[in-house]
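Structure first, then comments.
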Amino acid sequence: MSLWSRIVNAARGDRLSREIDEEVQAHLEEAVVEGRDPVEASRAFGSVLRYREESRDVRLVAWLDSLRADAVFGWRQLMKRKVTSAAAILSLALAIGACTGAFRLIDALLLRPLPVADPQHLYVLTRQAFFDGRIQSFDGWAYPSFRLMRAAVKGQAELMAVSYAQRIDLTYKSDAEMEKAEVQYVSGWMFGAFGLRPAAGRLLTEDDDLKPHAHPYAVLSYDYWKRRFGQDPRAVGRTFRMGDDLYQIVGVGPAPFTGTETGTVTDVFVPATMHPGAVHDDWTWHRTLARLKPGVAVEPVRAKLNATSRAFEEERAKGFTGMSKQDIEAFLGQTLVMEPAAAGASSLQSDYHVSLIALGVLVALVLLIACANVANLMTAQAASRAREMALRVSIGAGRRRLVQLVLVESAILAFLAGALGGLFAWWSAPFVVRMINPLDNPARLSLPADWRVLGFGLALTLGVMLLFGLTPALRASAVKPASALKGGEDPHTRRGMMHALIAAQVAFCFLVLFVAGLFAATFDRLSHRPIGFSAERLLLLQTVAQRDEIPAFWDQAAEHLRTVPGVAAVALAGWPLLDGNDWDGLVSVNGAPPGPILAYFLAVSPGWVDTMKIPFIEGGDFRPPDTWPGVAIVNETFAKQFFKGESAIGQSFAKNGEPPCKIVGVVRDAPYRNVREAILPTVYVPIRRIDGHGVLQLMRGATFVVRTSRANPMALASILRREVPRARPEFRVSNVRTQAELVRAQTMRERLLAMLGLFFAGVALLLAGIGLYGVLDYSVLQRRREIGIRMAIGAQAGSIARLVTVEVFTMVLVGALAGLGLGMASVRYIEALLYQVKPADPAMLAVPMLTILAAALLAALPAVFHAVRIDPAAMLRSE
Amino acid sequence: MPKTDSLQGSIDLLVLKILSRRPQLHGYAIMSAIKDWSGDVLRAEEGSLYPALHRMEEAGWIRAEWILKDTGRRARIYELTGAGKKQLAAEESRWQAVTSAVNRVLRTV
């Protein structure tokens with residue numbers, strides 16, 4: 001018989017006992033058949049029970065058998081109290097699921113190493129400087145600087161240029177089939193340095209990345225190859241057009257590698273030197289990754305890179321004009337920092353890093369609250385089972401066996417909850433990722449449910465089990481049979497622990513409520529911030545031409561769109577407000593050197609201001625022939641900043657390095673790049689642009705801003721998409737969005753935090769309320785004799801109510817105060833996520849405090865009713 | 001002679017030996033065989049045979065099978081396995097070694 005059969009036998013112990021009994025029975029019958037006296041035979045046999053136990057122990061795994069017995073017993077105990085067990089399991093499942101879900105997200109975004117060789121040797125280079133009173137970090141680099149740095153640390157580290165992933169239009173056949181793909185410009189040697197092997201064709205090498213604009217080769221990611229080409233090997237060798245260049249696909253990357261931009265799945269890799277910025281000293285367009293050679297220390301490499309970068313910038317600063325010495329000093333004062341980038345480097349990481357960890361902490365707190373509840377439940381049950389335990393000890397059960405008995409019950413709870421929680425996590429993590437980006441560029445985070453997640457879930461479940469099960473188990477096993485069987489030990493010892501747990505629950509609950517309140521207030525402030533234009537009914541058609549076209553063609557297309565039924569107004573802009581693009585520069589007024597204040601610029605056509613419904617304060621719109629440089633419309637902040645109360649109309653200013661131009665209009669402020677930052681001076685300039693010789697510039701792309709007469713602008717999207725090429729066949733709409741979408745996207749993170757924060761605050765409050773109710777109810781049950789006696793000798797209902805609640809309410813207050821302390825201490829970690837919300841604001845503190853007190857009162861009512869309804873006569877008679 | 005102790009240490013050997021001569025015996029028959037062949041000298045509490053049988057079964061020396069007897073009742077019969085034959089040889093030689101050693105001591109003292 002193998003170990004397996006012993007395990008199987010343990011699972012069917014009853015059947016085993018029956019078999020052994022049958023064999024013994026056969027023995028005795030045989031004896032009778034032989035003519036022996038049945039009484040004599042059975043005496044000669046000895047103790048049937050003893051031999052049966054001996055045989056059983058031989059034929060099965062004894063500890064497994066006892067575990068099975070305990071599991072059956074534990075299950076029966078749980079089934080006896082279906083409602084409480086279900087509540088405990090559901091609350092734990094929700095909390096475990098939320099924690100596992102949060103872990104999945106944090107792991108996928110921040111922890112999981114890239115599928116490359118030795119990811120632990122990978123670093124990302126950033127520059128940090130002290131600007132605007134805080135440390136800011138910049139991860140963009142200029143390619144010429146990168147080349148110098150790479151040469152400087154050759155032999156110690158390999159540097160790689162990796163552009164931010166961009167959604168770029170490319171065409172495989174005709175321009176009619178333009179499509180978007182995530183394109184990343186990368187150093188050709190990156191694939192080799194990462195130890196990657198092609199799935200088809202070849203990967204880029206150093207030879208593909210030597211001279212600017214000389215190597216139009218591309219490698220597809222496996223994911224894109226599968227999606228776009230159905231893994232067709234003939235895709236290798238095909239060409240596509242991107243901008244003015246024809247690229248040839250030379251190969252496909254390995255399946256697991258989706259680029260270094262965690263949160264974006266790169267579709268197409270092209271050599272860094274193909275980027276138009278590769279030859280510019282002042283285009284910072286790529287990240288720099290460094291892969292240290294084995295055994296090389298970080299600091300010397302960092303120092304060398306820092307010196308090289310600084311030397312490059314010093315050289316460049318010599319060409320700066322119109323910047324004060326101070327500004328140049330500050331600019332050069334940046335230090336280069338190397339941060340580990342085993343998990344890749346992406347903007348999704350920097351945007352959601354703190355948010356995800358904050359959410360993780362919130363759900364962990366909810367889990368602790370749920371654990372405290374279940375621990376109290378188990379303690380109460382252990383108390384009511386004290387006699388049973390005492391009896392077990394008296395008839396010889398060992399302490400270990402008792403601990404096992406109670407722990408097995410906890411384990412059943414924990415594992416049921418863990419399984420349910422796993423389902424919840426399976427559903428919730430992708431749900432959150434979907435919420436992160438509802439626009440045309442959804443975050444794509446691979447969320448594998450592998451051993452890392454499974455291991456975390458299991459460890460969490462085990463940890464939870466020990467957390468809520470161990471103390472009650474140890475307490476149960478420490479029962480003193482003599483006193484327990486006599487009628488109960490001192491009940492106050494148990495209540496002490498329960499009260500401590502209540503205080504902890506309230507403290508955590510306060511913290512969750514407080515932080516959720518801050519998130520909700522932030523979202524509220526941001527979404528109610530006036531944006532200065534009307535985002536409703538605005539459709540944005542991002543349009544590109546096959547080649548540069550004269551502005552008249554663009555006007556012609558706009559004119560055509562105006563004739564489409566349902567269109568109220570059409571204007572052109574370089575890009576829409578709030579889509580993340582920007583064009584900025586320093587401004588000099590009346591011939592003075594430019595000040596230190598940055599201004600934003602946006603190219604727009606006549607009629608754009610009206611289409612956006614931005615009110616004019618002074619002056620008026622451009623006329624159709626107006627050009628830049630020449631005239632400009634500025635916002636209120638610009639006028640205040642540079643003309644201090646004087647009328648700005650007719651004044652002139654110049655963008656650094658450009659000829660001066662005259663202000664013809666002043667409009668109300670509207671946020672340019674995002675709604676969180678303070679409004680900067682903003683200049684709207686004519687989209688028709690002339691160069692130094694007065695020659696009108698051609699245009700490659702622009703966005704048609706269309707105001708529709710109906711409420712849902714998207715209803716016109718497909719019609720307008722068709723109408724643009726009908727107006728001018730060389731034009732293609734590459735992307736359609738609504739302005740309202742862009743506005744909503746601004747508060748995406750805040751909406752997510754507020755929504756999840758409030759949800760978990762609700763859960764925390766509910767759980768803490770249930771916990772409080774349970775403990776109060778239990779203490780009334782325990783003290784019913786005492787209460788009965790007090791009532792019998794004339795205590796009033798009020799004093800009884802006070803008696804049963806005073807201790808617990810002290811704990812609630814203690815907990816709330818502790819939570820307040822925790823909240824104030826933790827707030828600086830989430831400050832970056834808040835907007836115009838003061839954590840120390842009395843309202844921010846009072847709301848969670850009052851909510852908790854109200855919940856506590858509500859939770860206390862049933863127990864108080866229960867206590868004052870005790871009938872002393874009946875109570876004392878029953879004792 | 002105290003009957004409970006007389007089989008201590010030798011029951012495995014006896015059971016294996018008996019089953020090597022006469023396969024497919026049930027517990028009662030094995031016990032009777034021990035009693036008969038030892039001239040009623042070796043005996044123990046009859047029930048103690050069963051844990052020993054189950055232990056040997058667990059060790060893989062013997063295997064058991066339920067059969068239906070003529071009376072219509074089930075009986076559990078045992079027979080030697082390959083491992084059991086090897087074990088028997090080992091136990092026998094060990095027994096020989098021990099008894100001859102004990103005999104030598106008895107002779108010399």
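Note that the structure is a prediction, hence the values are computed from the model and not measured. To find a chain, count down the sequence lines: A is the first, B the second, and so on, and within it residues start at 1.
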(message) Counting only non-hydrogen atoms closer than 4.5 Å, does A:R50 touch chain B with its backbone (N, CA, C, O), its side chain (CB onward), both, or neither?
(response) side chain
(request) For each of B:Y28, B:W66, B:Y50, tally heavy-atom pairs with chain A at distances under 4.5 Å, and name the one with the top tally. (result) B:Y28
(message) Can you tell me which of B:A52, B:P51, B:A75 forms the most heavy-atom pairs within a distance under 4.5 Å of chain A?
(response) B:P51
(message) Can you see whether B:Q87 engages B:E91 through a side-chain donor-acceptor pair at a distance of less than 3.5 angstrom?
(response) yes
(message) Quick check: under 4.5 Å, non-hydrogen atoms only, which of residues 21-31 of chain A neighbour chain B?
(response) A:E22, A:E23, A:A26, A:H27, A:E29, A:E30, A:A31
(request) Would you mind checking which part of B:R73 comes under 4.5 Å of any heavy atom in chain A, side chain (CB onward), backbone (N, CA, C, O), both or neither? (result) side chain
(request) Would you mind checking which part of B:R63 comes under 4.5 Å of any heavy atom in chain A, side chain (CB onward), backbone (N, CA, C, O), both or neither? (result) neither
(request) May I ask you to check if B:R22 and B:Y78 form a cation-pi contact, with NZ or CZ under 6.0 angstrom from the six-membered ring centre and within 45° of the axis? (result) no
Which pair of heavy atoms, one from [X] and one from [Y], lies closest together, and at what distance?
{"X": "A:A93", "Y": "A:L420", "answer": "CB-CB, 3.5 Å"}
{"X": "A:R452", "Y": "A:F103", "answer": "O-CE2, 3.8 Å"}
{"X": "A:V464", "Y": "A:C371", "answer": "CG1-SG, 3.7 Å"}
{"X": "A:L407", "Y": "A:A473", "answer": "CG-CB, 4.1 Å"}
{"X": "A:L92", "Y": "A:A417", "answer": "CB-CB, 3.5 Å"}

(message) Tell me which of these, A:S47, A:S55, A:A41, has more heavy-atom pairs under 4.5 Å with chain B than the rest.
(response) A:S55
(request) State whether A:E19 and A:R52 are salt-bridged, where the test is any N-O pair (Lys NZ or Arg NE/NH1/NH2 against Asp/Glu carboxylate O) under 4.0 Å. (result) no
(message) Looking at B:K86 and B:E92, is any side-chain nitrogen of the basic one under 4.0 Å from a carboxylate oxygen of the acidic one?
(response) no
